[in-house]
Amino acid sequence: MIKILLVEDHKLMRVGLKSLFDEIGEIEVVSEAQTAKEAIEKYKITHPDIILMDIGLPDFSGIEATKKILETNNLAKIIMLTSHISEQDVLDSLHAGACAYVMKDINIEILKMIIKTIKDGAMWLDPQVVPILREKNCGVIPPRQMSRAMFKEQHANLTQREYEVLKLVVDGKSNNEIAQELTISEHTAKAHVCNIIQKLVVDDRTQAAVKALKEGLV
């Protein structure tokens, strides 16, 4: 089980996340905190594998709490789980040492995947954050989009349509949502997902999303 410290001042959000983690398994919320100060204290007591950290907290920000926790243990793994997407929040979170920046509207299965990869030592950025880092030339994201020619050269085993579907899989879209987004039938969307899983040599769509993120396919 991956042990989580959940830092969130809204009780409904805490209860909802805890319930979802109980349902999917493999992740256990071992402690909760409503303030930044409480988060720091609970971390010292529980030593969780991962901290899910909100930015907007009643006393001081989750970004400041991240800095203070990392001063205590620079190996702490902190995921910013937030509804804030301002340029300053993104940059300050990464500079503070957060391992991931995730929006609260994320699909729970994708969040589970992110938590597992962060525990294994990876980093993860919400797709909505990438344009901010590109524009600021932070050195984290390559400053160019992959052209169609470059795509074909580097990933010739995936068709352009499959690449589009893969991006939506990473975003946590269902087959029905992919079909609506690309104006195709749900049967066609399912076929594309099956082809992607086969070509990437993985077992399911979650593993496909993980591989796509790790190898920079999206």
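As the structure is a computational prediction, the values presented were derived from the model and not from experiment.
The structure places CG of Leu91 at 9.5 Å from OH of Tyr101, a figure rounded to the nearest 0.5 Å. Summarising the geometry, atom CD1 belonging to Ile118 is positioned 10.5 Å from atom CD1 belonging to Ile2; distances are rounded to the nearest 0.5 Å. Summarising the geometry, atom OG belonging to Ser31 is positioned 9.0 Å from atom CG belonging to Leu6; distances are rounded to the nearest 0.5 Å. Note: Glu8 CD to Met13 CE = 5.5 Å, rounded to the nearest 0.5 Å. Atoms CG and CD1, on Leu20 and Ile27 in that order, are 10.5 Å from each other to the nearest 0.5 Å. Rounded to the nearest 0.5 angstrom, Asn195 CG and Lys190 NZ are separated by 12.5 Å.
The hydrophobic cluster containing Ile197 also contains Leu158, counting ILVMFWY residues as joined when their side-chain heavy atoms lie under 4.5 angstrom apart, directly or transitively. The hydrophobic cluster containing Ile115 does not contain Val30, counting ILVMFWY residues as joined when their side-chain heavy atoms lie under 4.5 angstrom apart, directly or transitively. A continuous path of Ile, Leu, Val, Met, Phe, Trp and Tyr side chains, each step under 4.5 Å between heavy atoms, connects Ile24 with Trp124, placing both in one hydrophobic cluster. When the side chains of ILVMFWY residues are joined at heavy-atom separations under 4.5 Å, either directly or via intervening members, Leu81 and Val15 end up in two distinct hydrophobic clusters. There is a path of hydrophobic side-chain contacts, each under 4.5 Å, that joins Val29 to Leu52.
Under the 4.5 Å side-chain criterion, counting only non-hydrogen atoms from C-beta, Ile85 is in contact with Met103. Asp9 has its side chain out of reach of Thr35: every pair of non-hydrogen atoms, C-beta onward, lies at least 4.5 Å apart. Within the 4.5 Å cutoff, side-chain heavy atoms of Met80 are placed close to those of Ile63. At least one side-chain heavy atom of Phe21 sits less than 4.5 Å from a side-chain heavy atom of Leu111. In this structure, Leu182 and Leu168 have side chains that are in contact, with non-hydrogen atoms separated by less than 4.5 Å. You'll find the side chain of Lys173 stays beyond 4.5 Å of the side chain of Val169, heavy atoms only. When side chains are defined from C-beta on, Lys3 does not count as touching Ile50, because their heavy atoms never get closer than 4.5 Å. Between Glu26 and Lys112, some side-chain heavy-atom pair lies under the 4.5 Å cut-off.
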- Would you sort out whether Lys18 and Glu23 count as a salt bridge (charged side-chain N to carboxylate O under 4.0 Å, His left out), showing the intermediate values? CA-CA 9 Å; Lys18 191 171 182 180; Glu23 286 180 15; over 6 Å; no
- Message: Run Asp89 and Ser86 through side-chain hydrogen bond (donor to acceptor under 3.5 Å, both in side chains) and show every step you take.
- Response: CA-CA 5 Å; Asp89 282 340; Ser86 76; 3.2 Å; yes
- Query: Checking salt bridge (charged side-chain N to carboxylate O under 4.0 Å, His left out) for the pair Glu32/Lys42: CA distance, chi angles, key distance, verdict?
  - Reply: CA-CA 8 Å; Glu32 301 173 35; Lys42 291 284 183 71; over 6 Å; no
- Query: Would Ile51 and Lys77 count as a side chain to side chain contact (heavy atoms under 4.5 Å, CB included) if you check the C-alpha gap in whole Å, the side-chain angles of each, and the deciding distance to 0.1 Å?
  - Reply: CA-CA 6 Å; Ile51 304 167; Lys77 295 173 180 177; over 6 Å; no
- Item | Candidate pair Val170 and Lys167, rule side chain to side chain contact (heavy atoms under 4.5 Å, CB included), full reasoning | CA-CA 5 Å; Val170 170; Lys167 289 195 292 184; 5.7 Å; no
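Side-chain contact, Asn73 with Tyr43: a donor N or O sits under 3.5 Å from an acceptor N or O.
Panel note: side chain Ser19, backbone Gly16; no donor-acceptor pair is recorded below 3.5 Å. Side-chain N or O atoms of Asp54 include none that pairs as donor or acceptor with a backbone N or O of Gly62 at under 3.5 Å. Ser61 contributes no side-chain N or O that, together with a main-chain N or O of Leu57, makes up a donor-acceptor pair within less than 3.5 Å.
Using a 4.0 Å cut-off between a side-chain N of Lys or Arg and a carboxylate O of Asp or Glu, Glu64 and Lys67 qualify as a salt bridge. Taking a cutoff of 4.0 Å between a charged side-chain nitrogen and a carboxylate oxygen, Glu164 and Arg161 qualify as a salt bridge.
Taking every heavy atom of both residues into account, Leu70 and Ala76 meet most closely at CD2-O, 3.4 Å.
Tested against Asn175, the residues His192, His187, Arg205 include a single side chain to side chain contact (heavy atoms under 4.5 Å, CB included) partner, Arg205.
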